[in-house]
Amino acid sequence: MATYCEILFPLPVFQTFLYRLPDELAARVRVGSRVVAPLGSRKLSGYVLEIKELSQEPEFRVKEIAACPEDQPDLPGIILQFALELSARSLTAPGLFLEMAEPPAAREKPRVKLAITEKGLKELLSGRLKGRRGQILSLLADRQLSPVYIKRKLKVREINSYLRSLSQEGLVEVREKAGKKKPLKITPAPVFRQLALPVRPEGLPESGHRLLQKLESGEGGSCLLTGSQERRLEFLQKIIEYAAQHHGFTLVLVPEIQRLEKWQPLLQSLSGRAVVWHSQLTDSLRRHNWNQIFSGRARIVLGTRSALFLPFQPLSLLVVDEEQDDLYYQADGPAFEAREAARIRAGLEKSLLIYTSDCPRVSQFYHHRQAGSLLDLGREEVCYRVDYYHQDLGRLLKKELKEEIKHRLEKEEQLLFLVNRKGYAGYLFCSACGFVARCEQCRIAMSLQKKNGELTCSYCGHTREAPADCPVCGGKLRPGRVRGSQYLREQLQEIFPGKKVEVLEEGAGEKDSEKIVRRVKSGKGQLVIGTEYALRRLSEGRFSMLFLVNPESSLNLPDFQAGERTLATIYKALEMVKNEDSSRVVAVTAGPEPELVIQALSRNYQGFWEKEIEYRRLLNYPPFSCLVEIGLDSRSLRTSGRWSRLLLEQLRLDFPELELIGPRISRKKWRREKREVRLMVRLPSEEKAGNLLASLKKFRQHRPATRLWVRVWP
DNA sequence: AGCACGCCGACT
DNA sequence: GTCGGCGTGCTC
């Protein structure tokens, strides 16, 4: 009989590794402990998943755990379970999730610098070294460099093998610049005691009291909170302050760092007891906040999706704010859906889970309505006026609205023009036969760039030269009436000379964008053109006039979520408007405005939802079916193509009723790797998605080199 | 992931 | 010959 441990390493592999636990470590090592163990030729730290006795040695050679550094508390069992469950749902290796749960100190890697030795210098001067090894040495001739710099400079994939051989021969020296590694203060887990009878907050509606009862019962459960932003914030603040009195931890998730701004009042009113957590924290603040949380001094954490992995316990309240925001899906790095992860973590700890949004996803609304867990706080009437125009944008600005805009500019007011096209015109068409230039892949109209006469697909990013004549009838091609940011800028500059027109859109570079944002904040930028990207960067309630330029055009995207996405964009744009009588919203559409645009502008979510749910029922989209997107990528397109065919074969065998939709085109333009194949699959229900995941896991067993990911739309 | 190993084309 | 690039498979 000997004691063994199953270890999970932070690697993109799905297996655990078995090690013998030496007697001298037996007293210290527990499930969740961080241990160091030999793996191949390396020594890696991993986490203990299981400790067990085995009466006989396994068939493979088992190594021994090397050490158990006492530099961090054990990961709680719930975090281990969380990582495993999330891995099963996302097909991301569980160890990568555990890595996200590590305390700051474990993640700060020592900085390594390389220096040339005397011997290396001699060797370099002798001129005997050629190729990569010579290049590396001559780079190091006059200064010390980091391995990453050399790797980028020389564009090699695997730098370590060269460095190892060079350092073995004594030609270079590896100097570890040990950071000032202050060990983390490890404090015992906080105890939550009820000191006095909890005081219920005042002015809470009946539904709020029911939520508090749920919180007190400790049985968990979830709900969807809708209504205006102000009302939701006020409501949540009361619930959170109440929870902080005597319950465990509260975690409030926001979709992006920028969105923490509106929670500042809560942070201030709970000063010291609430901290923020996201990827942009400085090392020292990260350490400070971690210590605050783990000593129990701070019990409220406001953060982005990475905060879900903080290993504090018990989590009694979990809020997912702005649940409609797609940034909750993490596509790069370990891929996972944070809204689903929130459900998993809340389920494991029986915490109360509150999703909140002004314009929730259609499926989410449906599920909570069915479950009776919908909580609508309503909204105040808005003061501003909304008008619709159907004429040409240029004409509109030059004639009808010129005087009004001029007047507003004189009063130093700020105006925002929201466009959803970056180029000059939204499309190129033939006035004779009605032909429209479309993207071959996505089948949607491509927008025209005036500068270089190129057509760009705003959906997949594909670019090609614009044809001069109509390929169907040979007639002249003309720019269409859906206008882009280039066109608008030209017009505004012409009509209001001497006024600077700011354009805030993706792809301008972070420095320039930052400058524009600052100018707008200072009140200097008065005429602002922006795409959806601008809505994430600008702060709310600044503008006295908002132009929605062709908000209807995104409805044509080949995407079942086009409706709810368009609605969410308009809702967000409306938050930019100053809520005053003199404010005005202008919607400019190419034809008569679609019903959805009217519903969005009057914030008639109910009306939108009823229409949309009918449409989804008819076309059998979620929530009436479950869509699963499967991505496959590897280093070459040929291999991912071959594997995708193999995968499809297996899926057809396992699921005869399976319906293939697509292939779907990648919407993410920043997703550089083109060697990815995507499949979209329809299943009758979410339960079936579980079986599909099992089948995908089976597939991955014999193809571990491919990156496989899934995204489920219930 | 990182590392070893083996295959293959290019170049002293 | 042998150097370096790249694909493949393994790590208890």
Side-chain angles (χ1 to χ4, degrees), chain A residues 2-22 25 29 33 35-54 56-68 83 87 91-100 102 106-107 109 112 123 126-137 147-148 150-151 153-169 171 174 332-335 632-643 646 673 675 699-709:
Chain A
T3 312
Y4 295 85
C5 296
E6 292 285 0
I7 310 291
L8 192 56
F9 290 104
L11 301 176
V13 294
F14 292 80
Q15 75 190 103
T16 55
F17 293 85
L18 190 71
Y19 288 88
R20 207 179 3 260
L21 181 62
L25 290 178
V29 172
S33 296
V35 293
V36 179
L39 183 71
S41 55
R42 306 181 276 174
K43 263 197 181 159
L44 275 183
S45 66
Y47 291 88
V48 178
L49 266 197
E50 198 191 336
I51 301 176
K52 57 187 175 189
E53 304 281 328
L54 290 178
Q56 69 184 82
E57 183 92 352
E59 279 169 26
F60 47 84
R61 211 175 70 82
V62 181
K63 294 183 185 171
E64 223 169 51
I65 290 175
C68 177
S87 161
L91 298 188
T92 295
L96 300 181
F97 291 131
L98 285 191
E99 202 178 11
M100 295 174 80
E102 286 185 324
R107 310 192 71 181
K109 289 184 188 111
V112 173
E123 195 75 9
S126 79
R128 261 175 305 192
L129 275 173
K130 290 194 200 92
R132 286 276 182 247
R133 290 155 53 91
Q135 285 173 322
I136 293 171
L137 277 192
V148 192
I150 298 173
K151 191 175 160 175
K153 184 99 187 170
L154 298 179
K155 289 189 182 119
V156 276
R157 226 169 8 122
E158 196 46 71
I159 191 92
N160 280 0
S161 53
Y162 296 110
L163 297 180
R164 210 178 314 111
S165 82
L166 283 170
S167 92
Q168 258 169 23
E169 289 164 42
L171 305 178
V174 181
D332 44 357
L632 251 166
D633 55 355
S634 61
R635 262 204 276 274
S636 78
L637 186 58
R638 207 185 308 160
T639 40
S640 32
R642 192 173 70 230
W643 288 334
L646 281 172
E673 318 94 274
R675 293 156 189 107
F699 178 80
R700 200 195 41 218
Q701 301 241 299
H702 22 97
R703 283 274 58 109
T706 355
R707 196 177 102 102
L708 189 62
W709 55 264

In whole angstrom, give the distance that lies between atom [atom1] of [X] and atom [atom2] of [N].
X	N	atom1	atom2	answer
A/E50	C/dC12	CD	C1'	14 Å
A/L18	C/dT11	CG	C1'	13 Å
A/E57	C/dC12	CD	C1'	10 Å
A/F17	C/dT11	CZ	C1'	5 Å
A/L39	B/dA4	CG	C1'	13 Å
A/L8	C/dT11	CG	C1'	14 Å
A/F14	C/dC12	CZ	P	19 Å
A/L44	B/dG2	CG	C1'	9 Å

Give, for atom NZ of A/K52 and atom OG1 of A/T3, the distance between the pair rounded to the nearest 0.5 Å.
-> 12.0 Å
Classify [X] by what it touches in the nucleic acid, base, sugar-phosphate, or nothing, heavy-atom distance under 4.0 Å.
X	answer
A/R61	sugar-phosphate
A/P58	nothing
A/F60	base
A/E6	nothing

What are the two closest heavy atoms between A/G46 and A/P10, and how far apart are they?
-> CA-CD, 4.4 Å
Over all heavy atoms of both residues, which pair between A/L49 and A/T16 is shortest? Give the atoms and the distance, please.
-> CD1-CG2, 3.7 Å
Candidate list A/Y4, A/Y47, A/F9, A/F60, test ring pair (Phe, Tyr, Trp, His ring centres under 6.0 Å), partner A/F17, passing option = A/F9
Taking A/Y19 for the side chain and A/P38 for the main chain, is one N or O donor matched with an acceptor at less than 3.5 Å?
-> yes
Does A/T92 use its side chain to pair, donor to acceptor, with the backbone of A/A335 at less than 3.5 Å?
-> yes
Report all interatomic pairs (protein N or O, nucleotide N or O of nucleotides 2-5 of chain C) with separations under 3.5 Å.
{"from": "C/dG4", "atom 1": "OP1", "to": "A/R132", "atom 2": "N", "distance (Å)": "3.4"}
{"from": "C/dG5", "atom 1": "OP1", "to": "A/R132", "atom 2": "NE", "distance (Å)": "3.0"}
{"from": "C/dG5", "atom 1": "OP1", "to": "A/R132", "atom 2": "NH2", "distance (Å)": "3.0"}
{"from": "C/dG5", "atom 1": "OP2", "to": "A/Y162", "atom 2": "OH", "distance (Å)": "2.4"}

Take atom CD of A/Q56 as the centre, draw a 6.0 Å sphere, and report whether it contains more than 12 heavy atoms from other residues, nucleotides or ligands.
-> no
